[in-house]
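As structure tokens, the structure follows; a few thoughts come after it.
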Amino acid sequence: MTEFDPEKFEEKYVHYFEELEEAYSAAYQQLHGQYDSRVLKAIDRQVLSESEPFYAGDGEFRVELPENPRERAGSVADHEQFDVVLETLVDRIEAELRRIFEFDETA
């Protein structure tokens, strides 16, 4: 596992790009097959690609979404699963970051 340094996370794309990619990919794979793939793909490509992960302290991460995620997602934003898929994906990404950086005691 990767040793985590909160100060290095300020420049996360320089120091932790692979770990970020792994967290986003693992979260996506966990939901693949559970939700409408069109909704999942649109959120992944149009919303999460512009999201920003932050270290909040005490082993917690948060993912900030870009403005107007529904507009970014296009027509799938009207799908009944949109909100639950978006919320679940963000939760999973945050959990994956905790796991990757060894903050999750259950890992």
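Below, each value reflects all heavy atoms present in this structure, side chains not excepted, and no hydrogens, waters or symmetry copies. One-based numbering along the sequence shown.
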Distance-only, no hydrogens or angles: does the [X] side chain make a donor-acceptor pair with backbone N or O of [Y] under 3.5 Å?
| X | Y | answer |
| --- | --- | --- |
| E50 | Q46 | no |
| Y35 | V39 | no |
| R72 | E67 | yes |
| T88 | V84 | yes |

Under a 4.5 Å cut-off applied to non-hydrogen side-chain atoms, are [X] and [Y] in contact?
| X | Y | answer |
| --- | --- | --- |
| L20 | I100 | no |
| L89 | L40 | yes |
| L86 | L65 | yes |
| L48 | V90 | yes |
| I43 | Y28 | no |
| F61 | P53 | no |
| Y24 | S51 | yes |

Are [X] and [Y] close enough for a salt bridge, meaning some N to O gap below 4.0 Å?
| X | Y | answer |
| --- | --- | --- |
| R99 | E22 | yes |
| K12 | E52 | yes |
| K41 | D36 | no |

Quiz prompt | Set of side chain to side chain contact (heavy atoms under 4.5 Å, CB included) partners for R62, sequence neighbours left out | solution = F54, E64, E94
Quiz item: Which residues pass the side chain to side chain contact (heavy atoms under 4.5 Å, CB included) test with D5, sequence neighbours left out?
Solution: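 For D5 the side chain to side chain contact (heavy atoms under 4.5 Å, CB included) partners, ignoring immediate neighbours, are E7, K8, Y16.
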Practice problem: Check whether more than 12 heavy atoms from other residues, nucleotides or ligands sit under 6.0 Å from atom CZ of R70, and answer yes or no. | Solution: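 Enclosed.
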Practice problem: Check whether more than 12 heavy atoms from other residues, nucleotides or ligands sit under 6.0 Å from atom CZ of F17, and answer yes or no. | Solution: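 At most 12 heavy atoms, drawn from other residues, nucleotides or ligands, come within 6.0 Å of this atom.
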Practice problem: Would you name the heavy atoms of F82 and A73 that are closest together and state the gap between them? | Solution: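 Closest approach of F82 to A73: CE1-CB, 3.4 Å.
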Practice problem: Mind listing the closest non-hydrogen atom pair of A26 and E96 along with its distance? | Solution: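 Residues A26 and E96, closest heavy atoms: CB-OE1, 3.5 Å.
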Quiz prompt | Rounded distance (nearest 0.5 Å) linking atom NE2 of H32 with atom CG of D44 | solution =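 Answer for the NE2-CG pair, H32 versus D44, is 11.5 Å.
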Quiz prompt | Mutual orientation of the aromatic rings belonging to F101 and F9 [parallel < 30°, tilted 30-60°, perpendicular > 60°] | solution = perpendicular
Quiz item: Linking I/L/V/M/F/W/Y whenever any side-chain heavy atoms sit under 4.5 Å apart, do Y13 and Y55 land together?
Solution: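 Hydrophobic grouping puts Y13 with Y55.
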